[in-house]
2 protein chains.
Amino acid sequence: MTTQPLTRNQGLVFDVLTHSEGPLSAYSILDKLRDDGFRAPLQVYRALDKLLEFGLVHRLESINAFVACAHPEEGCHAHGITAFTICETCGKVTEFHDHVIEDRLKGFAKDRNFKTGKTTIEIRGTCAGCA
Amino acid sequence: MTTQPLTRNQGLVFDVLTHSEGPLSAYSILDKLRDDGFRAPLQVYRALDKLLEFGLVHRLESINAFVACAHPEEGCHAHGITAFTICETCGKVTEFHDHVIEDRLKGFAKDRNFKTGKTTIEIRGTCAGCA
DNA sequence: ATGGCAATGTAATGTTATTACATCAATTGC
DNA sequence: GCAATTGATGTAATAACATTACATTGCCAT
């Protein structure tokens, strides 16, 4: 993987996500970056688009939020499908990869000649600490 | 499963989804029901909440849309986790159930004492017809 | 009849995401 | 050097999705 240098905006957004306890919405990222000159949602969305592309950030579809990748050094794209548990009480997100699930989904798609793009796997519930 | 009789609004919303080719957003459902007296988003969302609860409708988290269950007679809740392929070209949605994936996800959650609530599995891509 | 409950109607607002257009900076080819 | 291109940015406006708050209605069990 060739590591891209991040632009100023991308770096700021990535930093906010990296230092956050849990996932953040685009608008809460925006709020955290007002002091750094951010004024409009688009500044955040544009940076997020790139970070998603680089595999440094994940989008949690079921809660419309974004989270830093758990192992950004390697570029998460290398790991295939990413799945998440999302605690609805404390917001904690855990990222995991399961080749059995991945093979199963790939098989299903292949059988039907469905060309797979992005795959979402998200489990919402309550984490051990919040139970 | 005890089959609930649907209220007027629930029935109207369910009908629209049943007769639709593909998934619909809440607002497009609203538009289709203007002539039946629908005036506000909440009328749609309330009906959808109930239909989701009954297992007659699914919400596609990754595209903010709703689709009628493929086998509503049985109440889809009976089938465990539901997974979807979503064609980004024609909008066609296919619903499927895979016990291997389900066991795998349940196992992961159990190992971490994560109490599973709703699980989302959605594959976006291109269907055979659109390839 | 009345108290409780689920469904409904309506308005307003909150939250998430995109479109459109202008500007700026770095790079490339001539 | 200097257009031409390309990618990033700034700003405003708007679109798309979802919820809160409050009033009303109809039903049914006591």
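Reckoned from all heavy atoms, side chains included, excluding hydrogens, waters and symmetry mates.
- Comparing C/dT18, C/dA17, D/dT20 by their closest approach to the side chain of B/L42 singles out D/dT20.
- One can place CG of A/D49 at 11 Å from P of D/dA8, the figure rounded to the nearest angstrom.
- Scanning for side-chain hydrogen bond (donor to acceptor under 3.5 Å, both in side chains) contacts around A/S62 gives A/E122, A/R124, with sequence neighbours left out.
- Going from atom CZ of A/F54 over to atom C1' of D/dG7 covers 11 Å, rounded to whole Å.
- Of all nucleotides listed (C/dT16, D/dT11, D/dA18), C/dT16 comes nearest to the side chain of A/Y45.
- For A/F84, the ring-ring contact (aromatic ring centres under 6.0 Å, His included) test picks out A/H58, with sequence neighbours left out.
- The residue among B/A65 and B/R46 whose nearest nucleotide of DNA chain D is located toward the 5' end is B/A65.
- A chain of hydrophobic side-chain contacts below 4.5 Å, direct or via other Ile, Leu, Val, Met, Phe, Trp or Tyr residues, connects B/F14 to B/V44.
- Distance from the side chain of A/T7 is smallest for D/dT9 among the nucleotides D/dC17, D/dT9, C/dT8.
- Residues passing the salt bridge (charged side-chain N to carboxylate O under 4.0 Å, His left out) test with A/D15: none are found, sequence neighbours excluded.
- Residue B/A47 is the one, among B/A47 and A/P41, whose nearest nucleotide of DNA chain C lies closer to the 5' end (criterion: closest heavy atom).
- Atom CG of B/L48 and atom C1' of D/dT19 are 14 Å apart (whole Å).
- The distance from atom CD of A/Q43 to atom C1' of C/dT16 is 16 Å, rounded to the nearest whole Å.
- A/K32 meets the salt bridge (charged side-chain N to carboxylate O under 4.0 Å, His left out) test with no other residue; sequence neighbours excluded.
- Within the structure, every side-chain polar atom (N or O) of A/N64 is placed at least 4.0 Å from both OP1 and OP2 of D/dC17.
- Of the residues in residues 9-36 of chain A, those lying under 4.0 Å from DNA chain C by heavy-atom distance are A/S25, A/Y27.
- The interatomic distance linking A/R8 (CZ) with D/dT9 (P) rounds to 9 Å, in whole Å.
- The separation between A/E61 atom CD and C/dT16 atom C1' is 13 Å, rounded to whole Å.
- To the nearest angstrom, P of D/dA16 lies 15 Å from CD1 of B/I63.
- In terms of position along DNA chain D, the nucleotide closest to A/K50 lies nearer the 5' end than the nucleotide closest to the other residue of the pair A/K50 and A/G37.
- Judged by the 6.0 Å and 45° rule, B/R104 forms no cation-pi pair with B/F108.
- Listed by chain and number, the residues in a side chain to side chain contact (heavy atoms under 4.5 Å, CB included) with A/E102 are A/I81, A/K106 (sequence neighbours excluded).
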